[in-house]
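Presented below is the structure to which this report refers.
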Number of protein chains: 2
Amino acid sequence: MNIGDVASKSGLPAKTIRYYEEIGLVCPPRGENGYRSFGEDELHKLAFLGRARALGFSIEDCRILLALYEDDGRESAQVKKVAEDHLKRIEEKIAQLQSMRSTLKHLVSSCAGDNRPNCPILNDLARD
Amino acid sequence: MNIGDVASKSGLPAKTIRYYEEIGLVCPPRGENGYRSFGEDELHKLAFLGRARALGFSIEDCRILLALYEDDGRESAQVKKVAEDHLKRIEEKIAQLQSMRSTLKHLVSSCAGDNRPNCPILNDLARD
DNA sequence: GTTGACCTTCCAGTAACTGGAAGCACTATC
DNA sequence: GATAGTGCTTCCAGTTACTGGAAGGTCAAC
C-alpha cells in the first residue's frame with residue numbers, strides 16, 4: 001500500500017503519517033521507487049495511533065501505549081496508569097473550561113450588544 | 001515601574017510582558033538605562049490582558065478587545081460578538097473533552113490494572 | 001508523449017510562551 | 001573603590017502536533 005491508501009484507510013492525513021515516521025512512531029519500508037510501502041501491520045499501528053490521538057493522548061503517550069501494546073510482558077497496570085493520568089488531565093481541563101464558560105456566559109448575557117459603547121464585558125476585564 | 005514591578009502587580013511573568021511588547025500589545029517607553037518604564041496605564045493594560053487570557057481569549061482576540069476598550073466609538077455588539085464566538089468555541093471544546101472523558105472512564109474502569117498483560121484499553125485502541 | 005494524480009524531500013509557519021546564555025545596570029556592603 | 005547579588009537587556013532555541021507549499025520524481029492512462 002502507498003501512503004494515500006493507508007491515509008484513507010486509517011483516516012489520518014498523509015502528511016501526518018509522514019510526520020509519524022519522522023518521529024519514529026512507524027517505519028514503513030521503501031519500494032524501489034522510493035515510495036513508502038505499508039503492510040497490514042503498519043496500517044493497524046496507524047489506526048491504533050489515530051484512535052489514541054482521538055482520545056486526546058499526547059504523542060509521547062501514544063509512543064508508550066504502542067510500546068506496551070507490542071510488549072507481551074506488559075502489565076495492564078502500566079497501561080491503566082497512562083490512561084488514568086490522561087483522564088485526570090482531561091478532567092482538570094474540563095473544570096478550567098467550565099469555569100471560563102460560566103464567567104463568559106454571565107458576561108455575555110449582561111451585555112446589551114447594541115450600538116452603544118457601554119459594555120459590562122470590557123468593564124469586567126478592566127476592573128481594578 | 002520596572003518590568004519586575006509590573007510583573008508582580010499584574011501577575012504576568014516578565015517574559016510574557018516582553019513578549020507582549022514584541023507582538024505590539026503594549027509599548028512601554030524606555031528609560032536612560034534602556035529599561036522599560038511602565039506607567040499606571042500600561043499596568044492597567046497588562047492586567048486587562050491577563051484577565052482576558054485567563055478567560056481563554058486568544059492573543060488576537062485580546063488585541064481586538066483592547067482596541068475596542070480604547071475606542072470610545074465602539075458598539076457593545078462588537079465586544080459581545082467576540083465573547084460569544086469565544087464562548088461557542090469553549091463549549092465545543094468542553095463537549096469534545098467530555099466525550100473523551102466518557103470513553104476513557106469506561107476503559108479505565110474496565111482495566112484490571114494488575115500484573116497481567118491483558119488490557120481492555122489496548123484492546124479497544126487496537127480493535128479492527 | 002503528455003497530462004494528471006500521486007509520491008518524494010525540505011522549509012516555513014502555527015500559538016503563546018518559556019528557558020537559557022551573554023552581557024549591562026543598579027544597590028548594598030566591606 | 002572593589003565586589004557580590006539582583007535585575008535588566010537582547011537573542012536564540014525549544015515546546016506540540018501538525019499543516020501548507022514549493023520543487024521535483026514516478027506512474028497509469030489516453
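Values below: every heavy atom of this structure, side chains too, minus hydrogens, waters and symmetry copies. We name chains A, B, ... by the order of the sequence lines, and we start the count at 1 in each one.
- Nearest to the side-chain atoms of T16(A) among the listed nucleotides dT19(D), dT9(D), dT8(C) stands dT19(D).
- Put simply, R36(A) has a side-chain N or O that comes within less than 4.0 Å of OP1 or OP2 on dT9(C).
- Nucleic acid contact for I3(B): sugar-phosphate only, since backbone atoms but no base atoms lie under 4.0 Å from a heavy atom of the residue.
- The nearest heavy atom of DNA chain D to N33(A) and to Y19(A) marks one nucleotide each, and the one closer to the 5' end goes with Y19(A).
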Give the C-alpha distance, both sets of side-chain angles, the deciding distance and a yes or no for salt bridge (charged side-chain N to carboxylate O under 4.0 Å, His left out) between R127(A) and D124(A).
CA-CA 5 Å; R127(A) 74 181 180 271; D124(A) 185 82; 3.0 Å; yes
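- Between K15(B) and E60(B), the residue anchored closer to the 5' end of DNA chain C is E60(B), taking for each the nucleotide with the nearest heavy atom.
- Comparing R18(A) and Y35(B) along DNA chain C, the residue whose closest nucleotide (by nearest heavy atom) sits nearer the 5' end is R18(A).
- Distance, D61(B) CG to dA16(C) C1': 14 Å, rounded to whole Å.
- For P13(B), the side-chain atoms get nearest to dT18(C) when compared with the rest of dT9(D), dC27(D), dT18(C).
- Residues L87(A) and R101(B) share a closest heavy-atom pair of CD1-CG, 3.7 Å.
- Separating the OH atom in Y20(A) from the OG atom in S10(A) is a distance of 9.5 Å, to the nearest 0.5 Å.
- Backbone-only engagement by Y20(A) is indicated by non-hydrogen atom pairs under 4.0 Å involving sugar-phosphate atoms exclusively.
- With R36(A) contributing its side chain and R30(A) its backbone, the two residues share no donor-acceptor pair below 3.5 Å.
- R53(A) comes within 4.0 angstrom of sugar-phosphate atoms only, judged by non-hydrogen atoms across all strands, and of no base.
- Regarding E21(A), its CD atom lies at a distance of 15 Å from the P atom of dC18(D), rounded to whole Å.
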